[in-house]
Number of protein chains: 2
Amino acid sequence: MKNKLVIFAVDDHPIFLKGLIEILQDELTEASIYGFNFPFEALEKAEKLKPNVAVLDLDMPKMNGIVLSKELKNIDPNIKIIMLTMHKEPDIIRSVISKGLDAFVFKDDAVNELSKAIKNVLMDNIYISNPQILNQTKEKSEILASLTKTECKILIFIAENKTSNEIANLLSVSIKTIQNHRNNISKKLQLKGSNSLLKFAISNKEWL
Amino acid sequence: MKNKLVIFAVDDHPIFLKGLIEILQDELTEASIYGFNFPFEALEKAEKLKPNVAVLDLDMPKMNGIVLSKELKNIDPNIKIIMLTMHKEPDIIRSVISKGLDAFVFKDDAVNELSKAIKNVLMDNIYISNPQILNQTKEKSEILASLTKTECKILIFIAENKTSNEIANLLSVSIKTIQNHRNNISKKLQLKGSNSLLKFAISNKEWL
DNA sequence: ATAGAAATAGGTATTGTTACTTAAATTTAT
DNA sequence: ATAAATTTAAGTAACAATACCTATTTCTAT
């Protein structure tokens, strides 16, 4: 006779968490489901309750799903992590997926995909709902990864509303150096036209 | 003996909707709760089911909560609308609040505030959870509201990555006219510096 | 040690945005 | 009808970003 399955669900939105617990309970009637609105609550209870699976929201204030997953794996490396997200951008997913998760499920698909994900991670499989999304624009994220350290630093400054002049002063280099970097970044990202780099930086500032 | 209360809940996220229905059912055991993932489904059923209250998500693809609320009021002006949102920015809330809603509840507060909101709207009161948020930065939204029609139109074009030249061609006016409007908008919004208007437009594009 | 990558910085030109001015035509409201 | 607001558009100037180019120094890995 095997032990009762213990599942953690962590999401900062109370209503979403309520729905999440409902779904898990519906699908896994024999499991114990614990819901937490705050990541630190889940961490506090993890040692005592010894969860087998943790279903985490990626986007949470203060401690996001990635950080929380690392903390949980610290407590017990056998805890299986299922990451939930609303984001559908391949770039974001790719940047997150390489950090030791066991499953990745999109919130829109969660009703159908969560039980599959749980079954798979318990068999030590890695599960990704909607994997075809990842094949759509492989190039872009690879190009983003091709940016050098300095180029990344400058792109972050651009996203922070800094002009080339301001960045040059902050880094104590010539404005021509910054302009040159901007050009190289634009070429790598295949951006053209007026303020295209600024628009890109602002739109993607969360993921630099 | 009064009729049974009929409540609609509309949210594009299945899990959130599930949680929402749970809360409503918990709080109002005697009511009939109908949940819809898609606004058009709610519209289709509204004539037959004659809801007294509709709890709507503000941010939905294709048809947002404002549009849906107008359609529902078209079917029956007596339907009370409770708008749910995640946004906490006073600007956004102020721009939405003046469109004939009966209640405004923040998603984070929804567990506690929803039943209060329903009771109030049924008594023909207007209910706002967390009204103190609105008093924080009154000025900015008032300035935003001070924009004229043409200024708004141009701001939307700017947010759509259009240059002054492109906007001038689209509207068949001189580029100097567009530049002049840009200046007037910047002055009204108290924006200064390089590309400040573009940055503002991109950051606020959802609420123009 | 040396080749390759990265960071530095200069030139030159075009285009776009900001910031100010004035002013006429048109629309809107009282 | 008249005043006020809005839209239109001109001039001028400075600053910023894009889009090319070349070239030197510095770091990095084999």
(message) Less than 6.0 angstrom separating the ring centers of B:Phe8 and B:Phe36, yes or no?
(response) yes
(message) Tell me the interatomic distance from A:Lys153, atom NZ, to C:dA6, atom P, rounded to whole angstroms.
(response) 15 Å
(request) Specify the angle, to 10°, made by the local axes at the two ends of the helix from C:dA1-D:dT30 to C:dT17-D:dA14 when five pairs are taken at each end. (result) 30°
(request) Look at the side chain of B:Asp76 and the backbone N and O of B:Asn78, then say whether any donor-acceptor pair between them is shorter than 3.5 Å. (result) yes
(request) Quickly work out the A:Ile185 CD1 to D:dA17 P distance and round it to whole Å. (result) 13 Å
(request) Name all residues meeting the ring pair (Phe, Tyr, Trp, His ring centres under 6.0 Å) criterion together with B:Phe157; count only those two or more places apart in sequence or in a different chain, and write none if there are none. (result) none
(request) Provide, to the nearest angstrom, the distance between the CD1 atom belonging to B:Ile202 and the P atom belonging to C:dT17. (result) 11 Å
(message) What is the distance, to the nearest angstrom, from the CD atom on B:Gln190 to the P atom on C:dT18?
(response) 16 Å
(request) Using atom CG of B:Leu191 as one end and atom C1' of C:dT17 as the other, report the distance to the nearest whole Å. (result) 13 Å
(request) Enter the distance from B:Leu122:CG to B:Asn52:CG here, rounded to the nearest 0.5 Å. (result) 6.5 Å
(message) Expressed as a whole number of angstroms, how long is the span from B:Leu198:CG to D:dA16:C1'?
(response) 12 Å
(request) Decide salt bridge (Lys or Arg N to Asp or Glu O under 4.0 Å) for A:Lys18 and A:Asp11; before the verdict, give the C-alpha distance in whole Å, the side-chain angles of both, and the deciding distance to 0.1 Å. (result) CA-CA 9 Å; A:Lys18 220 173 158 85; A:Asp11 196 293; over 6 Å; no
(message) Pick the closest DNA chain D nucleotide for B:Asn195 and for B:Ile154 by heavy atoms, then say which residue is nearer the 5' end.
(response) B:Ile154
(message) I want to confirm an ordering. Mapping A:Gly193 and B:Ser194 to their closest nucleotides on DNA chain D, which one lands closer to the 5' end?
(response) B:Ser194
(message) Keeping B:Gln25 on the side-chain end and B:Glu22 on the backbone end, is there a donor-acceptor pair under 3.5 Å?
(response) no
(request) Using the salt bridge (charged side-chain N to carboxylate O under 4.0 Å, His left out) rule, collect all pairs that involve residues 189-203 of chain B, keeping only residues at least two apart or in two chains. (result) none
(message) Over the length of the helix from C:dA19-D:dT12 to C:dT30-D:dA1, how much do the five-pair end axes diverge, rounded to 10 degrees?
(response) 20°
(request) Quick one: do B:Val55 and B:Leu20 satisfy side chain to side chain contact (heavy atoms under 4.5 Å, CB included)? Show the steps, please. (result) CA-CA 9 Å; B:Val55 182; B:Leu20 192 56; 4.3 Å; yes
(request) Could you list by number each residue of residues 176-184 of chain B showing a heavy-atom separation from DNA chain D of less than 4.0 Å, or answer none if no residue does? (result) B:Lys176, B:Thr177, B:Asn180, B:His181
(message) Going by side-chain hydrogen bond (donor to acceptor under 3.5 Å, both in side chains), name the pairs with one or both residues in residues 34-43 of chain A, residues two or more places apart or in two chains.
(response) none
(request) Could you please name the option among D:dA16, C:dA7, C:dT21 that lies closest to any side-chain atom of A:Thr150? (result) C:dA7
(message) Show every salt bridge (charged side-chain N to carboxylate O under 4.0 Å, His left out) that has at least one partner inside residues 111-128 of chain B, sequence neighbours left out.
(response) B:Lys80-B:Asp124, B:Glu113-B:Lys116
(request) Name all residues meeting the side chain to side chain donor-acceptor pair (under 3.5 Å) criterion together with B:Glu71; count only those two or more places apart in sequence or in a different chain, and write none if there are none. (result) none
What pairs of nitrogen or oxygen atoms, one from the protein and one from nucleotides 25-28 of chain C, lie under 3.5 Å apart?
none

(request) Return yes if some donor-acceptor pair links the side-chain N/O of B:Ser186 with the main-chain N/O of B:Arg182 below 3.5 Å, else return no. (result) yes
(request) Starting at atom NZ of A:Lys199, determine the distance to atom C1' of D:dA17, rounded to an integer number of angstrom. (result) 11 Å
(request) For A:Asp57, check side chain to side chain donor-acceptor pair (under 3.5 Å) against everything at least two apart and list the hits. (result) A:Lys107
(request) For DNA chain C, determine which residues of residues 160-175 of chain B have any heavy atom closer than 4.0 angstrom to one of its atoms, and list them numerically. (result) B:Thr163, B:Ser164, B:Asn165
(request) Keeping the roles fixed (side chain from A:Thr85, backbone from A:Phe106), state whether a donor-acceptor pair exists under 3.5 Å. (result) no
(request) With sequence neighbours excluded, tell me which residues meet side chain to side chain donor-acceptor pair (under 3.5 Å) with A:Thr148. (result) A:Glu151
(request) May I have the distance from B:Phe157 (atom CZ) to C:dG16 (atom P), rounded to whole angstrom? (result) 17 Å
(request) Answer yes or no: is there a donor N or O on one side and an acceptor on the other, between the side chain of B:Asp109 and the main chain of B:Val105, under 3.5 Å? (result) no
